[in-house]
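Encoded as structure tokens, the structure appears first; notes follow it.
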Amino acid sequence: MTKILPSVILILIHFPVFSQRAGNPDWWLGSIHRADGHNIVFNFEWKKEKGKTVWYIRNAAERIKVKNIALKADSIIVQMPVFESQFRLRRTGNELTGIWIKGGSEKTQVIPFTAVPDKRRFAVSKSTDKNIAGRWSANFVSTNQMSSLSVAEFKQQGNAVAGTFLTPTGDYRYLEGVLDGDSLMLSCFDGGHAYLFTAKIENNNTISSGWHYAGAAGKETWTAIRNDTATLSYEEAAMYLRPGEDKLNFTFNDLDGKPISINDARFKNKVVVLQIMGSWCPNCMDETAFLSDYYNKNKQRGVEIVSLAYEYSTDTERSIKSLKKFQQRFNVQYPILLTGVTVNDSLKTQKTLPQLTEIKTFPSSVVLDKKGNVRKLDTGFNGPATGEHYTQYVKEFEATIDKLLGEK
């Protein structure tokens, strides 16, 4: 998710079933060490499958399988299955030390990393008498003092908490954490996102002193007040057709260098879903998983999907390498096209899809009917971490496609 707009919703996801027992040799606690000392932690299971080492990174109900692990003596190189993200580690006894490397639009982040055997994400020293279950109105303030209203929902099981932040541009995926007395701690790591959220629970109606730490140095504050009717507006993230336009017109190369146009025969008399995405985007990962599965089950009905990728750089080789991770990880059978325009290019919409108003959020999607007319524009994506919101998204998506397939 690209956080272009600051409004946020926090939605709870299913609680993971796990023991809080420390020291399990199969389970490890990883720590990404920020310079300010606010380390971002996550758990992973270290296993052998068919003679090969694999990791399963745990974020609440999610398990991310990591298969590309190279072992040489005491050195370990772990490539994340998507994103430009890897660990370079050295193992000494029951400790891993090394670095997490993550590609970026301006520079590559290199952050110290350690891990030790421990199934706990956060140590709990105190029971809690606080109950934060319910719906909240929250406020986030960035370092440049930009303030945004948001909505939050929590569930709580003893000390355990799990959830996700959802904004008009997408959600923060699976978060997992605890309430230690009156202190809330939540974290997430998926190779793209590396987040830590902390806050103080003043009482059952007030959350104060909240901080959100992202990656190597990002941070913002947040607070919340209980509000059962809090809502979120998506209008500021919306995308529209420009006046006088009703169709799209583009041609870009696929990952094999073959030019593909929306005017090609394969798209004629088909309902077409255009996915606007990037290989750097965690919400695009979730949307790609959904769209790939949907396409493979429904393409024979007259549905086509095509992705337009906006990457971190104009380096074609780098972009294709990263996009092929997506393609292989999710068995993508529809075309992924490289626009050659970066996500941070202020003129990206004019250069690629001039029929539309500004692209503000990744992922976004455009649905075309059998005549090639734009029938729906959807910004943001409610992924599986949002529970019922994802279920509703899928229901509405399928209803839209079914309706258009039924048209003459």
Side-chain angles (χ1 to χ4, degrees), residues 1-5 7 167-170 232-254 259-278 281 283-284 287-288 290-291 294-295 298 301-311 334-382 392-408:
M1 178 205 41
T2 297
K3 191 178 179 185
I4 299 173
L5 296 178
S7 300
T167 79
T169 65
L232 178 68
S233 171
Y234 291 84
E235 182 59 32
E236 291 183 65
M239 178 174 63
Y240 302 97
L241 275 168
R242 292 191 180 277
E245 302 286 357
D246 56 12
K247 290 180 169 63
L248 303 181
N249 183 25
F250 60 81
T251 302
F252 300 105
N253 288 347
D254 67 12
I260 292 181
S261 170
I262 191 61
N263 300 310
D264 288 346
R266 69 177 292 168
F267 302 116
K268 296 297 184 183
N269 299 313
K270 302 284 185 67
V271 174
V272 180
V273 179
L274 174 66
Q275 180 193 26
I276 298 171
M277 54 83 73
C281 164
N283 288 133
C284 299
E287 186 184 54
T288 300
F290 165 70
L291 288 176
Y294 182 86
Y295 180 71
N298 292 276
R301 300 174 61 207
V303 178
E304 283 293 339
I305 298 176
V306 58
S307 292
L308 294 190
Y310 298 77
E311 293 299 288
Y334 53 81
I336 299 176
L337 309 185
L338 184 59
T339 64
V341 177
T342 67
V343 61
N344 292 324
D345 189 330
S346 63
L347 298 177
K348 59 182 174 291
T349 311
Q350 294 92 317
K351 291 178 178 179
T352 58
L353 295 171
Q355 300 83 15
L356 303 180
T357 60
E358 184 182 355
I359 299 169
K360 299 176 182 178
T361 174
F362 290 78
S364 291
S365 62
V366 184
V367 181
L368 314 180
D369 65 19
K370 294 178 184 179
K371 297 178 182 179
N373 295 315
V374 173
R375 297 292 292 274
K376 185 175 182 178
L377 296 100
D378 204 351
T379 54
F381 175 74
N382 293 329
Q392 184 63 29
Y393 175 89
V394 171
K395 182 179 179 180
E396 292 178 0
F397 177 90
E398 292 178 342
T400 297
I401 302 302
D402 290 345
K403 177 179 182 295
L404 295 179
L405 286 172
E407 295 180 350
K408 298 294 186 182

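The model shown is predicted, which means the values in this text are computed figures rather than measured ones. Reckoned from all heavy atoms, side chains included, excluding hydrogens, waters and symmetry mates.
Counting heavy atoms from C-beta outward, V271 and K370 have side chains that approach closer than 4.5 Å. Side-chain contact between N253 and L338 is absent, with no heavy atoms from C-beta onward closer than 4.5 Å. At a threshold of 4.5 Å between non-hydrogen side-chain atoms, the residues F250 and T352 do not count as touching. Residues F267 and I260 meet the side-chain proximity criterion, which asks for heavy atoms closer than 4.5 Å. Contact annotation: the side chain of P168 approaches that of L232 to within less than 4.5 Å [non-hydrogen atoms, C-beta and beyond].
The distance from atom CD of E287 to atom CG of D378, rounded to the nearest 0.5 Å, is 8.0 Å. Atoms OG and CG, on S307 and L274 in that order, are 7.5 Å from each other to the nearest 0.5 Å. Rounding to the nearest 0.5 Å places CD1 of I336 at 15.0 Å from CZ of F252. We find the CD-CZ distance between E304 and R266 to be 4.5 Å, quoted to the nearest 0.5 Å. Rounded to the nearest 0.5 Å, atoms CD (Q355) and OG1 (T349) are 11.0 Å apart. A distance of 12.0 Å separates CZ of R375 from CG of L377, quoted to the nearest 0.5 Å.
Judged by distance alone, the side chain of T169 and the main-chain N or O of T361 form no donor-acceptor pair under 3.5 Å. Within the 3.5 Å criterion, the main-chain N or O of K371 finds a donor-acceptor partner in the side chain of D369. In terms of modelled atom types and a separation under 3.5 Å, the side chain of K348 and the main chain of T342 share no donor-acceptor contact. In this structure, T339 contributes its side chain and A309 its backbone to a donor-acceptor pair below 3.5 Å.
Nearest heavy-atom pair, D345 versus K351, reported as atom, atom and distance to 0.1 Å: OD2-NZ, 2.6 Å. Nearest heavy-atom pair, M239 versus S364, reported as atom, atom and distance to 0.1 Å: CE-CB, 4.0 Å. A pairwise comparison of heavy atoms in N283 and P363 identifies CB-CD, 3.6 Å as the closest pair. Taking both residues in full, the closest heavy atoms of G278 and F362 are given as N-CD2, 4.4 Å, listed atom of the first, atom of the second, then distance.
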(request) Could you walk me through whether Q392 and N382 pass the side-chain contact (heavy atoms from CB on, under 4.5 Å) test, one step at a time? (result) CA-CA 9 Å; Q392 184 63 29; N382 293 329; over 6 Å; no
(request) In sequence, state the C-alpha distance, the side-chain angles, and the governing distance for E407 and L404, and then conclude on side-chain contact (heavy atoms from CB on, under 4.5 Å). (result) CA-CA 5 Å; E407 295 180 350; L404 295 179; 3.7 Å; yes
(message) Is there a side-chain contact (heavy atoms from CB on, under 4.5 Å) between V273 and Y294? Walk through the geometry before answering.
(response) CA-CA 11 Å; V273 179; Y294 182 86; over 6 Å; no
(message) Evaluate Y310 against I276 for side-chain contact (heavy atoms from CB on, under 4.5 Å), listing each step before the verdict.
(response) CA-CA 8 Å; Y310 298 77; I276 298 171; 3.7 Å; yes
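In summary, of the residues considered (I305, I262, L248), a side chain to side chain contact (heavy atoms under 4.5 Å, CB included) with V272 occurs for I262 alone. Screening L308, V306, T288 for a side chain to side chain contact (heavy atoms under 4.5 Å, CB included) with Q275, the sole residue that qualifies is T288.
Y393 and F397 have parallel rings, their planes meeting at less than 30° on a 0 to 90° scale where 60° marks the start of perpendicular.
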